[in-house]
Amino acid sequence: AGYPIAEEWFDPHFEFRFPVYGSIVQRSIALELRQALEPWHVLGEEGVAGGAVRYVDSSVERLQVKVTGLTESRHFIVCNGRRVPLHPTGNEGEHVAGVRFRAWHPPNCLQPAIGIQSPLIFDLVDGWNKRSLGGCTYHTAHPGGLSHETLPVNSYEAESRRLVRFTKIGHTPGPMKVPSEERNPDFPFTLDLRRT
């Protein structure tokens with residue numbers, strides 16, 4: 001309709017819905033982890049005392065991996081020992097991918113035989129030297145096992161709870177075997193850790 005709309009107007013909404021979990025820089029290569037969208041499946045009806053319920057399987061999470069400064073023929077990202085299928089964004093040296101994983105194990109969920117896959121250990125691997133240059137770790141809950149019994153008082157406390165789950169340490173030491181790339185034809189830019 002001719003109204004001017006600037007893309008930066010939506011930055012606060014984007015940052016609220018897709019917050020940054022954390023980032024690292026190793027040898028001028030930056031790796032950033034962000035929350036991503038993951039649909040939750042509604043399970044079938046189950047009978048309970050006094051009626052029926054439909055549980056929602058909220059145990060699967062997804063995060064976005066963004067890497068800048070990457071040399072495509074040399075470097076790659078590994079998550080829990082599996083290669084992340086990076087995809088170029090069109091910007092020089094910038095790649096993105098998604099990682100799906102089982103974050104927690106409720107009593108009613110799809111694929112109940114798959115256990116919790118947290119923490120996620122990300123390695124920035126030099127394929128020529130077959131070594132990790134560094135990495136980071138993402139936990140789906142407090143890494144020390146702290147269980148909060150109350151809701152956050154304000155946005156600062158909520159942010160601090162989220163940020164404590166990311167650590168800039170935790171890469172795989174020593175020589176690394178370069179894992180082969182596995183691509184799911186249905187989701188070619190997502191590493192699904194639930195798949196064997």
Side-chain angles (χ1 to χ4, degrees), residues 15 17-27 29-41 57-70 75-87 94-106 109-127 130-148 158-184 187-196:
E15 291 299 326
R17 186 60 189 94
F18 307 107
V20 174
Y21 288 146
S23 61
I24 61 166
V25 177
Q26 290 290 336
R27 301 193 187 176
I29 300 172
L31 181 136
E32 176 190 78
L33 301 181
R34 259 186 204 275
Q35 180 178 334
L37 293 177
E38 176 63 32
W40 291 346
H41 299 285
D57 183 8
S58 61
S59 65
V60 178
E61 290 186 12
R62 184 188 309 242
L63 54 84
Q64 172 189 286
V65 178
K66 183 170 101 174
V67 186
T68 54
L70 190 75
H75 303 109
F76 55 92
I77 304 298
V78 171
C79 177
N80 288 7
R82 295 172 63 183
R83 191 169 177 170
V84 177
L86 296 172
H87 181 69
E94 184 178 78
H95 296 74
V96 294
V99 176
R100 293 178 80 191
F101 61 99
R102 171 64 55 85
W104 61 290
H105 202 281
C109 61
L110 295 172
Q111 299 128 352
I114 297 174
I116 298 172
Q117 296 164 321
S118 173
L120 301 181
I121 298 172
F122 290 90
D123 286 294
L124 170 60
V125 178
D126 183 346
K130 295 184 174 43
R131 287 191 175 272
S132 175
L133 300 175
C136 58
T137 305
Y138 172 71
H139 299 265
T140 55
H142 192 283
L146 178 65
S147 177
H148 300 284
E159 183 180 16
S160 69
R161 288 185 186 184
R162 185 179 68 246
L163 292 177
V164 76
R165 298 184 338 214
F166 177 86
T167 56
K168 295 184 177 187
I169 58 174
H171 72 281
T172 307
M176 287 191 72
K177 179 184 173 188
V178 179
S180 60
E181 188 170 289
E182 48 184 276
R183 289 221 184 231
N184 180 349
F187 304 101
F189 310 131
T190 302
L191 170 64
D192 193 342
L193 292 176
R194 301 170 309 153
R195 296 170 61 101
T196 56

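Considering every non-hydrogen atom in both Cys109 and Ser59, the closest pair reads CB-OG, 4.1 Å. In plain terms, the two heavy atoms of Gly170 and Thr137 that are nearest each other are CA-OG1, 3.5 Å. The shortest heavy-atom contact between Gly69 and Ile29 is O-CG1, 3.3 Å. For Ala103 against Thr140, the heavy-atom pair with the smallest separation is O-OG1, 3.3 Å. Of all non-hydrogen atoms in Phe76 and Gly127, the two that sit nearest each other are CE2-CA, 3.8 Å. Shown here for Arg183 and Leu86, the closest heavy-atom pair between the two residues is NH2-O, 3.3 Å.
Between the side chain of His105 and the main chain of Pro112, a donor-acceptor pair closer than 3.5 Å is present. Judged purely by atom type and a 3.5 angstrom limit, Arg102 uses its side chain to pair as donor or acceptor with the backbone of Ile114. Side chain of Arg62 to backbone of Leu37: a donor-acceptor contact under 3.5 angstrom is found. Judged by distance alone, the side chain of Gln64 and the main-chain N or O of Arg34 form no donor-acceptor pair under 3.5 Å. Side chain of Ser132 to main chain of Asp123: no donor-acceptor pair is present (N/O by atom type, distance under 3.5 Å, no hydrogens or angles). The closest donor-acceptor contact from the side chain of Trp104 to the backbone of Ser58 lies under 3.5 Å. Side chain of Gln111 to main chain of Arg194: no donor-acceptor pair is present (N/O by atom type, distance under 3.5 Å, no hydrogens or angles).
When side chains are defined from C-beta on, Val99 counts as touching Val65, because their heavy atoms get closer than 4.5 Å. Side-chain contact check for Gln35 versus Pro19: some heavy-atom pair is nearer than 4.5 Å. When side chains are defined from C-beta on, Thr172 does not count as touching Val78, because their heavy atoms never get closer than 4.5 Å. In this structure, the side chains of Val164 and His139 stay at 4.5 Å or more apart for every pair of heavy atoms.
Heavy atoms of other residues, nucleotides or ligands lying less than 6.0 angstrom from CD1 of Ile169 number 12 at most. Summarising the local packing, CZ of Arg195 is surrounded by 12 or fewer heavy atoms from other residues, nucleotides or ligands at distances under 6.0 Å.
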Could you walk me through whether Arg162 and Tyr21 pass the side-chain hydrogen bond (donor to acceptor under 3.5 Å, both in side chains) test, one step at a time?
-> CA-CA 7 Å; Arg162 185 179 68 246; Tyr21 288 146; over 6 Å; no
Side chain to side chain contact (heavy atoms under 4.5 Å, CB included) evaluation trace for Glu182 with Leu191 | CA-CA 8 Å; Glu182 48 184 276; Leu191 170 64; 4.0 Å; yes
Take Glu61 and Glu38 through the test side chain to side chain contact (heavy atoms under 4.5 Å, CB included) and record every step on the way to the result.
-> CA-CA 6 Å; Glu61 290 186 12; Glu38 176 63 32; 5.7 Å; no
Please report the C-alpha distance between Phe122 and Ile77 in whole Å, then the side-chain angles of each, then the deciding distance to 0.1 Å, and finally whether the side chain to side chain contact (heavy atoms under 4.5 Å, CB included) criterion is met.
-> CA-CA 7 Å; Phe122 290 90; Ile77 304 298; 4.1 Å; yes
Phe166 and Val20: side chain to side chain contact (heavy atoms under 4.5 Å, CB included), yes or no, with the steps?
-> CA-CA 10 Å; Phe166 177 86; Val20 174; over 6 Å; no
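Atom CG of residue Leu33 and atom CZ of residue Arg165 lie 11.5 Å apart, to the nearest 0.5 angstrom. Taking CG of Asp192 as the start and CZ of Phe101 as the end, the distance is 11.0 Å to the nearest 0.5 Å. Between the CZ atom in Arg82 and the CD atom in Gln117 there is a gap of 8.0 Å [rounded to 0.5 Å]. With values rounded to the nearest 0.5 angstrom, His75 atom NE2 is found 12.5 Å from Leu31 atom CG. Considering CD of Glu94 and CG of Leu70, their distance stands at 10.5 Å, rounded to 0.5 Å. The CG atom of Leu63 lies 12.0 Å from the CZ atom of Arg100; values are rounded to the nearest 0.5 Å.
The residues Arg131 and Asp126 are annotated as not salt-bridged, no charged nitrogen and carboxylate oxygen being separated by less than 4.0 angstrom.
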